[in-house]
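Below, chains carry the letters A, B, ... as their sequence lines are ordered, and counting in each starts from 1.
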Amino acid sequence: MRYEPRKTEQKWQKIWEENCLYETDLNDEREKFYCLVMFPYPSGDKLHIGHWYNFAPTDSFARYMRMKGMNVLEPMGFDSFGLPAENYAISHGMHPKKSIAHNVATMERQLKEMGSMYDWSKEVITCVPEYYKWTQWMFLQLYKKGLAYRKNAPVNWCPSCQTVLANEQVQDGTCDRCHSAVTKKDLTQWFFNIKKYAERLLNFDGMDWPEKTKLMQEYWIGKSDGAEIDFELVPDKDNEIRGTGEKITVFTTRIDTLFGCTYAVLAPEHELVAKISTKKRLQEVNEYVASTRRKNDIERSSEEREKTGVFTGGYVINPVNGEKVPVWVADYVLASYGTGAVMAVPAHDTRDYAFAKKYKLPIRSVIKPRVGMVKEGEAFVEYGLLENSGDFSDLTSEEARVEITKKLEGEGKGRTTISYKLRDWLISRQRYWGAPIPIVYCKKCGEAAVSEKDLPVVLPDEVDFEPKGDGKSPLASSEEFVNTKCPKCKGPATREVDTMDTFMCSSWYFLRYIDSKNGEKPFDKNMAKKWLPVDMYVGGPEHACMHLLYARFLTKVLYDAKIIHFDEPFTRLVHQGMITKDGSKMSKSKGNVVSPDSFVEKYGSDVFRMYLMFMGPFTDGGDWNDRGITGIARFADRVWTLMLDKHAEKDTEALLRELHGAIKKVGEQIEVFHFNTAISAMMELTNLAYKDGMSLKSKKLFAQILAPFAPHLAEEIWQELNKDAQQGLGGNPVAEPRLGLKEEFAGTFNSIFNTEWPKYNKKYLQAATFELVVQVNGKVRGRIQAEMGISKEEAIELALTQPNIAVFIKDKKRLKEIFVPDRLLNIVVAV
RNA sequence: GCCCAGGUGGCGGAACUGGUAUACGCGUACGUCUCAGAAGCGUAUGUCGAAAGACUUGCGAGUUCGAGUCUCGCCCUGGGCACCA
């Protein structure tokens with residue numbers, strides 16, 4: 001009988017669905033296992049190979065956990081709000097609602113064809129009111145805690161997408177979606193105060209995450225221990241400072257270099273810039289500030305990093321020595337970090353050094369190396385010994401940090417402080433396709449939150465949503481949407497017209513799966529208690545400093561609000577590697593997107609998914625080619641032939657060893673996501689069984705370990721084998737444990753996925769003999785079959801009887817022998 | 001520039017705690033089956049060499065009886081950060 005993959009796969013998909021085999025009973029008593037894969041973004045019309053590469057192995061893992069006896073939840077959904085989805089709709093001349101419905105339907109079909117065990121009864125689609133109602137509810141929780149605030153600030157603006165972007169969405173000064181250069185724009189926008197959680201987000205205790213990802217988040221949060229120092233402004237009849245005790249506060253991590261400060265620098269956006277400038281210099285300063293504002297991020301940080309700036313005419317007093325130092329404005333100082341002002345120490349900071357050289361500012365060394373000399377023509381930036389530093393001279397940098405801080409603290413002119421690179425999360429978007437922000441503005445009452453019972457604030461369908469290039473939110477044009485009543489005074493009010501960043505939708509979706517139909521609450525508290533956090537989370541590493549950071553933040557906020565009982569959402573995290581085509585990322589614009597459909601059509605989904613898993617380690621990814629897929633197709637055919645043919649009444653010892661070795665290895669390798677080596681172990685078993693034959697009992701064990709990888713094939717084999725058993729072909733009749741099978745189906749259909757993962761028997765793993773490797777001076781000179789457990793002496797004796805080994809020893813003097821039991825003997829002779 | 005990860009046959013990749021380098025698969029060659037081909041089945045396959053043997057895990061050194069694995073220096077590839085004071 002030939003195996004017909006397509007027909008068989010469709011047959012089982014239908015039977016599984018009819019039997020609700022993969023519908024997880026959340027109230028089941030068994031231990032829960034929440035296996036989650038990052039849900040797809042239906043911005044294109046089809047899943048590509050990268051999705052399969054991600055989803056299929058994760059599904060194999062989930063199936064394995066199920067067979068290990070866990071009550072596994074493996075849900076699926078769609079992250080369907082957002083810019084790319086909207087742009088897709090615009091380019092196809094459709095309403096996003098329509099294009100999303102279409103794309104979701106296609107992707108659902110593809111996902112079902114994969115034969116994965118997604119529980120579709122719990123599907124989540126983020127752009128439907130039943131979902132985004134709760135996204136808005138989440139916003140209100142943040143708002144209530146004072147963690148959502150509105151502020152006018154210079155923000156990142158993508159001129160092509162016509163919307164603002166969060167800091168995380170700017171990559172190399174470009175928009176992470178369309179790669180246009182990002183500019184700055186002053187806008188009043190909504191922010192979430194993620195900075196408040198910076199310290200807690202640095203804690204990864206108990207989290208099984210890739211080191212790389214933790215490091216990336218750590219760098220992104222960017223904690224620095226340092227100090228703030230107050231520099232008093234020197235009054236001048238020529239500027240606005242009139243001796244009122246105004247000061248510039250700078251942030252530094254190198255307070256030990258304070259005596260080397262020869263000027264101070266303000267960021268162009270600093271509030272004191274105009275005040276400190278003298279009348280004479282004011283025009284030049286204003287021109288400089290205006291010119292930096294015109295530059296985008298790329299221009300501002302590139303231009304060969306040539307630093308620019310202007311002197312304000314103002315001076316400040318260095319609190320440690322009373323020195324008067326000039327104040328400059330330069331755009332190499334960032335307004336958004338620290339205090340937006342720095343003390344410049346050109347002798348010990350490369351940036352200050354370059355600036356001082358260019359503008360001929362004094363450079364004074366205050367730190368000398370403990371050993372050696374300072375290199376000519378550059379700043380000495382390491383710690384060392386202080387010099388030219390008054391009473392602090394000769395202290396080490398480490399001592400001076402403490403001492404100088406102490407002194408300034410005593411005088412009220414300085415204090416230790418911590419700075420983070422992390423910025424607050426900007427969540428407003430001037431686009432149509434997103435969840436409306438549930439806020440209204442009333443002339444009388446000001447800003448007011450929509451009350452929870454009035455959610456959702458529905459996104460209206462009839463809106464001209466194409467960006468007009470004026471930077472206005474499309475929702476502003478809908479009078480029906482904008483005009484509303486104030487929740488406080490019931491007077492006329494207008495709605496917030498910006499929508500929320502899609503990352504808000506995806507930062508809590510894992511909570512919704514466990515109670516996706518709940519119309520009263522975002523989720524049931526008890527269910528959350530039982531099912532969360534997520535045990536295994538799989539998705540791309542590109543989300544390290546976006547989705548994964550936001551989801552952690554929101555989880556902590558909900559934890560603090562006592563809405564949930566855990567404060568980390570994902571206990572274990574694994575990233576899949578990227579699949580490229582001819583060395584470059586697959587993208588529609590490059591036209592190198594490979595579709596899985598034709599491969600599924602030709603080979604079936606079992607073969608296709610096994611091929612993806614066999615390519616290499618899951619976390620590596622790789623360049624796509626289909627050259628090797630025939631090898632997997634051959635393997636599947638051979639397994640089929642083996643199972644229906646190649647029968648043996650009794651297994652050989654070698655086969656039992658191979659089989660139990662495979663049971664052990666396959667399980668171990670799945671757990672660490674090394675699917676490639678798990679498959680190779682099964683290939684080796686197949687090769688041996690082809691020669692030796694295999695008993696029915698062993699075939700069943702083999703089918704079970706194959707099941708997570710080739711679910712349809714294994715199910716078909718399982719049913720065939722059990723038929724054989726019933727016909728008395730030599731095995732046991734059907735008597736497999738029926739794990740978690742719904743009562744009404746028990747007795748009608750016993751799926752292989754309701755059987756228990758086999759246990760290997762140690763007894764079969766031990767061989768009676770081993771191959772003793774004999775080396776002479778570290779070079780392999782012979783291999784001898786020997787009995788397990790022989791002594792060193794016996795091994796030496798055995799080795800010397802071999803003529804081909806003796807040749808290398810001959811009459812040479814034997815110095816020593818190294819013996820590794822049951823493995824190797826190395827005889828060292830004089831040369 | 002800084003921080004991570006990696007570099008193994010013609011190709012994808014294996015290799016436990018330092019102990020047989022190249023498992024498994026692709027490709028290739030030969031054989032078998034066939035009227036023939038495809039598919040299947042079987043054998044071989046790191047390089048040089050007729051063989052004995054020598055050499056071989058990016059390059060160079062070191063530690064060790066023994067190094068793909070550990071240490072130091074360098075080169076290359078991929079990823080992240082990038083004026084964060």
### Message
Taking the C1' atom in each of B:U17 and B:G12, what is the distance between them to the nearest angstrom?
### Response
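The same atom, C1', in both gives a distance of 28 Å.
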
### Query
On a whole-Å scale, what distance lies between the C1' atoms belonging to B:C55 and B:C11?
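My reading of the C1' atoms in B:C55 and B:C11 gives 23 Å.
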
Whole angstroms only, please: what is the [atom1]-[atom2] distance between [X] and [N]?
X	N	atom1	atom2	result
A:Phe635	B:A23	CZ	C1'	15 Å
A:Asn826	B:A67	CG	P	10 Å
A:Asp331	B:A82	CG	P	17 Å
A:Asn676	B:G12	CG	P	14 Å
A:His575	B:A5	NE2	C1'	13 Å
A:Ile418	B:A85	CD1	P	13 Å
A:Glu668	B:C16	CD	P	13 Å

Students often get this wrong, so: under 4.0 angstrom with heavy atoms, is [X] touching a base, only sugar-phosphate, or nothing?
X	result
A:Asn687	sugar-phosphate
A:Thr630	sugar-phosphate
A:Tyr219	sugar-phosphate
A:Ser224	sugar-phosphate
A:Glu211	nothing
A:Pro541	nothing
A:Tyr690	sugar-phosphate
A:Arg814	nothing

### Query
Tell me, which stems hold RNA chain B, with a stem being 3 or more Watson-Crick or G-U pairs in a row and both distances under 3.5 Å?
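Paired runs of 3+ in RNA chain B: B:1-7 with B:75-81, B:10-12 with B:24-26, B:27-32 with B:40-45, B:46-48 with B:53-55, B:58-62 with B:70-74.
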
#### Entry: Of A:Gly222 and A:Asn625, the one whose closest RNA chain B nucleotide lies more 5'
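Result: A:Asn625.
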
### Contact nearer the 5' end of RNA chain B, comparing A:Arg254 with A:Val773
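Looking at RNA chain B, the more 5' nearest nucleotide goes with A:Val773.
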
### Among B:G53, B:G42, B:G25, the one nearest A:Arg638 by side-chain distance
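Ranking B:G53, B:G42, B:G25 by closest atom to the A:Arg638 side chain puts B:G42 first.
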
### Task
Choose from B:C4, B:C81, B:A85 the nucleotide whose nearest atom is closest to any side-chain atom of A:Leu215.
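Nearest to the side-chain atoms of A:Leu215, counting from C-beta on, is B:C4.
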
### Message
So, OP1 or OP2 of B:C26: does either fall under 4.0 Å of a side-chain N or O from A:Arg634?
### Response
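Yes, A:Arg634 has a side-chain N/O under 4.0 Å of OP1/OP2 on B:C26.
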
